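One structure is given below, encoded as structure tokens.
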Amino acid sequence: MASHFSDKQTYQKDFDSKAYLEMYYAAEKGHLIKDEYLKFILKNLFNTFTSGMGCKGNLLIDIGTGPTIYQLLSACESFKEIIATDYTDRNRQELETWLKKEPGAFDWSSVVKSVCELEGDREKWAEKEEKLRRTVAQVLKCDVTEKNPLDPLVLPQADCLLTCLCLEGACKDQDTFCCALRNISSLLKPGGHLVMGGVLGSDMYMVGEKPFSVLSIDKEFLEKAVSDGGYVVEKFEVQPRSDMTGFHLARHNAAFFVLARKMSLK
Ligand SMILES: Cc1nn(C[C@](C)(O)C(=O)N2CCN(c3cccc4cnccc34)CC2)cc1-c1ccccc1
């Protein structure tokens, strides 16, 4: 049980990206493969990015990408350029290894095939992987607790911000969460979309034998945080968790998906 907050130094030192990927995303046995979270998020990302909801443009920045690429598979059909970001060196290294098809890269093919099935042709999984590799232009360091999360870089504002399973893991309390949301919002154009997925009612998750803390949030808090953060909520889906088999590994009672539009200044 994570009895204390897992801060960024803890992530940098103790978060084992490879052990995490095997535990949560390995074909058939990965905990999130079996859990409803991944199916729920992939379906919502597919609907958002490839079914004419107007979520498309030049630049999408993914905040807190972790070592995973599942969240980018539909987005790469609707954005010319994707920038992936994360706090820890090992997460960014894991992403670079997959993007460059280097030895030891994690095998995402079963998840890629699932997204291709949603998009209508499961056999196009190899082309999909190459399209994603061509679309991810950079993998940058980010820290959502900084006013400019990409400091010292100053980028043009993005057309879309994507963030999955990040803020609830990175923030120690609700005030920090709201502040981090404002920080990342500075990276988004007015009128641009925020796409956020994650978990409600969690307090921790395990990576190997190590517990990592999670800020427990509920729908009401999240809805208020996004609205107070200067957004109009366009879609808010919650999927209560039914399968409690992996309860001890990554405790949460629901998955959420939010699509919101950043209000223009005028
Ligand atoms: C499964 C699963 N995966 N994940 C996401 C994960 C591994 O936590 C992650 O990669 N993250 C978040 C923390 N993050 C960060 C940590 C410190 C500081 C950061 C500063 N800026 C940006 C990011 C920072 C780095 C990216 C959460 C769960 C989960 C599922 C169900 C129940 C409970 C948890």
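Keep in mind that the numbers below use all heavy atoms, side chains included, and drop hydrogens, waters and symmetry copies. Numbers for residues simply follow the sequence, beginning at 1. Please read these numbers as outputs of a predicted model, since none were measured by experiment. Numbering of ligands and ligand atoms starts at 1, following listing order.
- In the displayed structure, K124 atom NZ is contacted under 6.0 Å by at most 12 heavy atoms of other residues, nucleotides or ligands.
- With no hydrogens or angles considered, a side-chain donor-acceptor pair links S17 and N91 at under 3.5 Å.
- Proximity of V214 to ligand 1 is established by a heavy-atom distance of less than 4.0 Å.
- Aromatic ring orientation, Y24 versus Y205: perpendicular (interplanar angle above 60°, classes split at 30° and 60°).
- When heavy-atom distances to ligand 1 are checked against a 4.0 Å cut-off, E168 has no atom that comes that close, whether in backbone or side chain.
- Proximity to C142 (heavy-atom distance under 4.0 Å) selects the following atoms of ligand 1: 21 (N), 22 (C).
- Residue A250 has at least one heavy-atom neighbour below 4.0 Å for each of these atoms of ligand 1: 31 (C), 32 (C).
- No side-chain N or O of N183 forms a donor-acceptor pair with one of E146 less than 3.5 Å apart.
- Comparing heavy-atom distances from atom 20 (C) of ligand 1 across T65, V144, T68 singles out V144 as nearest.
- More than 12 heavy-atom neighbours from other residues, nucleotides or ligands sit within 6.0 angstrom of NZ on K235.
- Considering only non-hydrogen atoms, atom 2 (C) of ligand 1 lies nearest to Y20 out of Y25, Y87, Y20, F5.
- Using modelled atom types, one finds a donor on one side chain and an acceptor on the other under 3.5 Å when comparing S242 with E36.
- The CG atom of L155 lies 8.0 Å from the CG atom of N148; values are rounded to the nearest 0.5 Å.
- For ligand 1 and L32, the ligand atoms under 4.0 Å from any heavy atom of the residue are 1 (C).
- Annotation for ligand 1: atoms under 4.0 Å from non-hydrogen atoms of C166 are 12 (C), 22 (C), 23 (C).
- Neither the backbone nor the side chain of T145 comes within contact range of ligand 1; no heavy atom lies under 4.0 Å.
- In this structure, H31 has no heavy atom closer than 4.0 Å to ligand 1.
- Per-residue contacts place H252 under 4.0 angstrom from the following atoms of ligand 1 (heavy atoms of the residue considered): 31 (C), 32 (C).
- Residue D86 has no nitrogen or oxygen atom sitting less than 3.5 Å from a nitrogen or oxygen atom of ligand 1, judged on distance alone.
- Closest protein heavy atom to atom 10 (O) of ligand 1: G66 CA, 3.6 Å.
- Looking only at heavy atoms of the protein, atom 6 (C) of ligand 1 is closest to Y205 OH, 3.5 Å.
- When only modelled atom types and interatomic distance are considered, K262 and S185 share no side-chain donor-acceptor pair under 3.5 Å.
- Under a 4.0 Å heavy-atom criterion, F15 is in contact with ligand 1.
- Regarding atom 17 (C) of ligand 1, its nearest protein heavy-atom neighbour is Y11 CD1, 3.7 Å.
- Annotation for ligand 1: atoms under 4.0 Å from non-hydrogen atoms of D143 are 20 (C), 21 (N).
- The protein non-hydrogen atom at the shortest distance from atom 30 (C) of ligand 1 is L165 CD2, 4.0 Å.
- Atoms of ligand 1 lying under 4.0 Å from at least one heavy atom of S202, given by number and element, are 32 (C), 33 (C).
- A donor-acceptor contact closer than 3.5 angstrom links the side chains of D89 and Q12.
- Checked by atom type, the side-chain pair Q93/T97 shows a donor-acceptor distance below 3.5 Å.
- Between F79 and F49, the ring planes lie perpendicular to each other; the angle is over 60°, past the 30° to 60° tilted range.
- Ion pair E77/K56 not flagged as a salt bridge, since none of the NZ, NE, NH1 or NH2 atoms sits closer than 4.0 Å to an Asp/Glu carboxylate oxygen.
- Between L200 and D218 the shortest side-chain heavy-atom distance does not fall below 4.5 Å.
- Comparing A180, A170, S213 against atom 24 (C) of ligand 1, the shortest heavy-atom distance belongs to A170.
- Set against the non-hydrogen atoms of V199, the atoms of ligand 1 under 4.0 Å away are 31 (C), 32 (C).
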